[in-house]
Amino acid sequence: MPSPTCPYPSDLSDREWEILAPLIPPAKPGGRPRKWPLRKTLDAVFYLLRSGCQWRMLPREFPPWSTVHHYFRRWRLDGTWEMLNTTLRSDIRLCAGRDPQPSAGILDSQSVKTTSVGGVRGYDGAKKLSGRKRHLLVDTLGMVLKARVHTADVQDRAGVPLLLEGADQAFPSLKQLWVDQGYTGTGKAWIEAQLGWSVEVVKHPPKARGEWQARGDLNDLSTVWFEWVRLPPKPKRFRGPLPRRWVVERTISWLSQSRRMSKDYERLCKTSEAMIYALMSRLMLRRLARA
């Protein structure tokens, strides 16, 4: 059992708890008082997300797994995890000298495998996997604005209304959006028509498919003609980060560093969404404490 001077890496520090404590919903009036401190309960949630263990395999120095799961589930149902993400994101933006409300965002998705635990799933033909998609809208700092988890067989452009329905009311200052080529067509059109945002598709410059080559005797120009020659396909390789789009890719990488997010182990998509908000809240707490 770790000592108080040697906590788990995922445990909240005193400064982090000082920032987070005022945001935690108070206990309901009446009834039995809380037996376990909320700080230990949150430490258990963050330990589970970071280590990827099962609920029933939480170390014994934490509150009982049923208590930890009860709080996680209750805060998922009442929107506490999303509220924590929203409040801490505003604080992060203020520390960075930004307006609390973002004016621009980046949109992307990540397909992940599911396990035999059950729940909805679908087959993503592009990524060749059966599972779900994590659809993310982030600001220019990479902080999550909205998260939606759905089956992987839903194309990116078709998932836009699922993620962004009502986003213009939630983010009244947001006017610009950067997306990849998966959102061209109906996805881009829906955003511009329903939300009134400006959408820019960020993509690599097109690859040359061929070139004009000179034929004949180059010393006698009267015999020279030009022929279009198709170039052989180049091997696929990393072509470098794209402006703006790398921000959301970095956010996806942050989430993937937690083992619980290496796959989608949850039966409910809403549980996966709550875990995204919880992980981003933990990341922002660390940054705010260091600031």
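Note that these values count all heavy atoms, side chains included, but never hydrogens, waters or copies made by symmetry.
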Exercise for the section: Provide the full list of side-chain hydrogen bond (donor to acceptor under 3.5 Å, both in side chains) pairs with a residue in residues 118-127, sequence neighbours left out, each pair given once. Expected result: Ser111-Asp124, Thr114-Arg121
Practice task
Nearest 0.5 Å please: distance from the CE atom of Met57 over to the CH2 atom of Trp65.
Solution key: 13.5 Å
Practice task
Determine, using the 4.5 Å side-chain heavy-atom cutoff (strictly less than), whether Tyr47 and Tyr265 are members of one ILVMFWY cluster.
Solution key: no
Exercise for the section: Check the pair Lys113, Asp264 against side-chain contact (heavy atoms from CB on, under 4.5 Å), reporting the backbone distance first and the verdict last. Expected result: CA-CA 6 Å; Lys113 294 181 179 180; Asp264 197 321; over 6 Å; no
Practice task
Just jot down the side-chain contact (heavy atoms from CB on, under 4.5 Å) partners of His150, sequence neighbours excluded, or say none.
Solution key: Lys133, His135, Arg148, Val154, Leu162
Handout entry: Arg56 versus Gln54, side-chain donor and acceptor atoms under 3.5 Å
Key = no
Problem - Pairs meeting criterion side-chain hydrogen bond (donor to acceptor under 3.5 Å, both in side chains) with involvement of residues 246-260, two or more places apart - result: Gln110-Ser256, Arg260-Glu266
Practice task
Determine, stepwise, if the pair Ile24 / Tyr71 fulfils side-chain contact (heavy atoms from CB on, under 4.5 Å).
Solution key: CA-CA 11 Å; Ile24 301 300; Tyr71 277 102; over 6 Å; no
Practice task
Rounded to the nearest 0.5 Å, what's the gap from CZ on Arg290 to SG on Cys95? Could you check?
Solution key: 13.5 Å
Problem - Shortest non-hydrogen contact between Leu42 and Leu20, atoms and distance - result: CD1-CD2, 3.6 Å
Practice task
In sequence, state the C-alpha distance, the side-chain angles, and the governing distance for Ile92 and Arg287, and then conclude on side-chain contact (heavy atoms from CB on, under 4.5 Å).
Solution key: CA-CA 8 Å; Ile92 283 286; Arg287 294 191 176 189; 3.8 Å; yes
Handout entry: Pair Arg73-Leu268, side-chain contact (heavy atoms from CB on, under 4.5 Å): steps then yes or no
Key = CA-CA 11 Å; Arg73 178 179 179 274; Leu268 301 178; over 6 Å; no
Practice task
Name the orientation class of the two ring planes belonging to Phe72 and Trp55 (parallel below 30°, tilted from 30 to 60°, perpendicular beyond 60°).
Solution key: tilted
Problem - ILVMFWY cluster, Val138 and Trp81 together (side-chain gap under 4.5 Å) - result: yes
Practice task
Identify the two heavy atoms, one from Asp180 and one from Asp156, that lie closest to each other, and give their separation to 0.1 Å.
Solution key: OD1-OD2, 4.5 Å
Fill in the blank from the handout: Sequence neighbours excluded, the answer for side-chain hydrogen bond (donor to acceptor under 3.5 Å, both in side chains) partners of Asp78 is Thr80
Exercise for the section: Look at the side-chain heavy atoms of Ile, Leu, Val, Met, Phe, Trp and Tyr, link any pair under 4.5 Å apart, and say whether Leu94 and Met143 land in one connected group. Expected result: no
Practice task
Taking the six-membered ring for Trp and the full ring for Phe, Tyr or His, determine whether the centres of Phe46 and Phe62 are under 6.0 Å apart.
Solution key: no
Handout entry: Inter-residue atom distance Lys175.NZ - Ser198.OG, 0.5 Å rounding
Key = 11.0 Å
Practice task
Starting from Val179, walk the hydrophobic network (Ile, Leu, Val, Met, Phe, Trp, Tyr; side-chain heavy atoms closer than 4.5 Å) and list everyone else you reach, by chain and number.
Solution key: Leu107, Leu137, Leu145, Val160, Leu163, Leu164, Phe171, Leu174, Leu177, Tyr183, Trp190, Ile191, Leu195, Trp197, Val199, Val201
Problem - Within 6.0 angstrom of Lys40 NZ, more than 12 heavy atoms from elsewhere - result: yes
Exercise for the section: Determine, for Trp178 and Arg244, whether the Lys NZ or Arg CZ falls below 6.0 Å from the six-membered ring centre while staying within 45 degrees of the axis. Expected result: yes
Completion exercise
For Ala170 and Gln101 the tightest heavy-atom approach is O-OE1, 3.9 Å
Problem - Where Ile19 and Pro22 come nearest, the two heavy atoms and their spacing - result: O-CD, 3.4 Å
Handout entry: Co-membership, hydrophobic cluster, residues Leu141 and Ile252, 4.5 Å side-chain
Key = yes
Problem - Cationic N near anionic O, under 4.0 Å, Asp139 to Arg93 - result: yes
Exercise for the section: Tell me whether Trp75 is reachable from Met284 by hopping between hydrophobic residues (I, L, V, M, F, W, Y) whose side-chain heavy atoms are closer than 4.5 Å. Expected result: yes
Identify each donor-acceptor pair in which a side-chain atom of residues 273-282 lies under 3.5 Å from a protein atom, sequence neighbours left out, and give them as a table.
unit_1: Glu273; atom_1: OE2; unit_2: Val149; atom_2: N; d: 3.0
unit_1: Tyr277; atom_1: OH; unit_2: Ala147; atom_2: N; d: 3.1
unit_1: Ser281; atom_1: OG; unit_2: Asn85; atom_2: N; d: 3.4
unit_1: Ser281; atom_1: OG; unit_2: Tyr277; atom_2: O; d: 2.8
unit_1: Arg282; atom_1: NE; unit_2: Ser10; atom_2: O; d: 3.2
unit_1: Arg282; atom_1: NH1; unit_2: Glu16; atom_2: OE1; d: 3.2
unit_1: Arg282; atom_1: NH1; unit_2: Glu16; atom_2: OE2; d: 3.4
unit_1: Arg282; atom_1: NH2; unit_2: Ser10; atom_2: O; d: 3.4
unit_1: Arg282; atom_1: NH2; unit_2: Asp11; atom_2: O; d: 2.9
unit_1: Arg282; atom_1: NH2; unit_2: Glu16; atom_2: OE1; d: 3.0

Problem - Exercise: identify the closest heavy-atom pair between Pro243 and Val202 - result: O-CG1, 3.4 Å
